[in-house]
Peer 1: 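Here it is, the structure in full.
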Amino acid sequence: MATLSEIQALLGEPRFNWVDPAPWIELERELGTEFPADFREIVNAYGSIEINGQLYLKHPASHLLHDLGRTIKEGLELWRDEDMAEFLPGPVGGAPGELVPVATATTGEAIFLRVPDDASSPWRVLVQEFDSPAWTLYEMTFGEWLLAYLKGRDVTLCSRNFAPDGPFFAFLP
């Protein structure tokens with residue numbers, strides 16, 4: 001599993017460093033599932049950010065202008081619409097096997113975490129491309145997926161086009 005230190009080595013030192021679990025507890029209670037530890041660790045370290053001018057990650061602290069809870073609620077509403085649901089391999093939500101929309105990209109992708117079917121199974125990442133009915137399920141954790149993205153690997157989002165001098169991030173306003 002990718003570690004925060006590997007991500008920091010590429011993306012730079014985080015400056016958010018959130019420690020209060022309350023926003024996560026509230027969001028997980030609403031959704032009915034607990035987020036994977038690596039996702040929480042990364043988001044707690046960096047907060048609500050834009051990576052490479054392309055990928056938006058958001059923290060669940062509701063006092064932030066760009067918060068994960070709002071992103072998920074809006075995503076669930078969008079992807080539950082019958083016209084959109086056909087573009088995913090399964091339903092959205094917090095139950096086992098369902099998809100949780102956790103990030104977006106300026107290039108039109110939606111990034112989901114797939115809730116494991118059981119406690120011993122790992123979380124996976126699914127990327128759906130808005131400009132086509134295509135989606136890809138990555139057999140990797142969120143940390144592994146983000147690390148691959150930061151290294152410029154083809155995980156649907158190509159960082160080489162957006163960060164020729166290396167990965168970078170900026171806080172969302």
Peer 1: Give a yes or no on whether E34 atom CD has more than 12 heavy-atom contacts from other residues, nucleotides or ligands under 6.0 Å away.
Peer 2: no

Peer 1: Quick one: pull up CG in D81 and CD in E86 and give me the separation to the nearest 0.5 Å.
Peer 2: 9.5 Å

Peer 1: Can you hop from I25 to L31 via hydrophobic side chains spaced under 4.5 Å?
Peer 2: no

Peer 1: Write down the atom of W18, the atom of P23, and the distance for their closest heavy-atom approach.
Peer 2: CZ2-CG, 3.8 Å

Peer 1: What is the distance from atom CG of N52 to atom CZ of F168, rounded to the nearest 0.5 Å?
Peer 2: 5.0 Å

Peer 1: Yes or no on side chain to side chain donor-acceptor pair (under 3.5 Å) for T107 and Q54, after CA distance, side-chain angles and deciding distance?
Peer 2: CA-CA 7 Å; T107 47; Q54 178 186 26; 3.1 Å; yes

Peer 1: For L137 and W135, which heavy atoms make the closest approach, and how far apart are they?
Peer 2: N-CE3, 3.9 Å

Peer 1: To check you understand the geometry: which heavy-atom pair defines the closest contact between V43 and P60, and what is its length?
Peer 2: CG1-CD, 4.2 Å

Peer 1: Check E109 against E129 and note the closest heavy-atom contact, atom names and distance.
Peer 2: CG-CG, 4.1 Å

Peer 1: Does some side-chain heavy atom of W24 sit less than 4.5 Å from a side-chain heavy atom of D20?
Peer 2: no

Peer 1: Would you mind reporting whether R124 and L113 have side-chain heavy atoms less than 4.5 Å apart?
Peer 2: no

Peer 1: Does the side chain of H59 pick up a donor-acceptor pair with the side chain of D67 at under 3.5 Å?
Peer 2: no

Peer 1: Quick check: closest heavy atoms across R70 and L65, and the distance to 0.1 Å?
Peer 2: NH1-O, 2.6 Å

Peer 1: Taking only Lys NZ, Arg NE, NH1 and NH2, and the carboxylate oxygens of Asp or Glu, determine whether R80 and D83 approach each other closer than 4.0 Å.
Peer 2: no

Peer 1: How far apart are the C-alpha atoms of L57 and L172, what are their side-chain angles, what is the distance that settles it, and do they pass the side chain to side chain contact (heavy atoms under 4.5 Å, CB included) test?
Peer 2: CA-CA 9 Å; L57 291 182; L172 293 173; over 6 Å; no

Peer 1: Is the backbone N or O of H66 less than 3.5 Å from a side-chain atom of S48, with the two atoms forming a donor-acceptor pair by type?
Peer 2: yes

Peer 1: Could you give the distance from OG1 (T33) to CD (E30), rounded to the nearest 0.5 Å?
Peer 2: 13.5 Å

Peer 1: Does the side chain of L11 reach to within under 4.5 Å of the side chain of Y149, using non-hydrogen atoms?
Peer 2: no

Peer 1: Answer yes or no: is there an ion pair linking R40 with E28, defined by an N-O contact shorter than 4.0 Å?
Peer 2: yes

Peer 1: Which side-chain N or O atoms in residues 89-98 pair as donor and acceptor under 3.5 Å with protein atoms at least two apart or in another chain?
Peer 2:
from, atom 1, to, atom 2, distance (Å)
E98, OE1, G94, N, 3.2
E98, OE1, A95, N, 2.9

Peer 1: How many angstroms lie between CG in L99 and CZ in R114, if you round to the nearest 0.5 Å?
Peer 2: 7.0 Å

Peer 1: Under 4.5 Å between side-chain heavy atoms, hopping through other hydrophobics if needed: is there a path connecting Y56 to F16?
Peer 2: no

Peer 1: Any side-chain heavy atom of L55 within less than 4.5 Å of one from I111?
Peer 2: yes

Peer 1: Assess the residue pair L76 and K73 against the criterion (side chain to side chain contact (heavy atoms under 4.5 Å, CB included)); give the C-alpha distance rounded to whole Å, side-chain angles, the decisive distance to 0.1 Å, and a yes or no.
Peer 2: CA-CA 5 Å; L76 291 174; K73 288 170 192 157; 5.6 Å; no

Peer 1: Hey, can you tell me if F171 and F169 have their rings parallel, tilted or perpendicular (30° and 60° cut-offs)?
Peer 2: perpendicular

Peer 1: Would you mind reporting whether V155 and Y138 have side-chain heavy atoms less than 4.5 Å apart?
Peer 2: yes

Peer 1: Quick check for you: to the nearest 0.5 Å, what is the distance between I7 atom CD1 and I42 atom CD1?
Peer 2: 3.5 Å

Peer 1: Are the aromatic ring centres of W79 and F87 under 6.0 angstrom apart?
Peer 2: no

Peer 1: At their closest point, which heavy atom of L68 faces which heavy atom of K58, and how far apart are they?
Peer 2: CB-O, 3.3 Å

Peer 1: Between atom CE of M140 and atom CH2 of W145, what is the distance when rounded to the nearest 0.5 Å?
Peer 2: 9.5 Å

Peer 1: Indicate yes or no: at least one non-hydrogen side-chain atom of T71 is less than 4.5 angstrom from one of V102.
Peer 2: no

Peer 1: Does the side chain of N44 come within less than 4.5 Å of N17's, by heavy atoms?
Peer 2: no

Peer 1: With distance as the sole test, does Q128 use its side chain to make a donor-acceptor pair with the main-chain N or O of F130 at under 3.5 Å?
Peer 2: yes

Peer 1: For residues F142 and D38, determine if any side-chain heavy atom of one lies less than 4.5 Å from a side-chain heavy atom of the other.
Peer 2: yes

Peer 1: Kindly state whether the ring of F39 and the ring of W123 have centres lying under 6.0 angstrom apart.
Peer 2: no

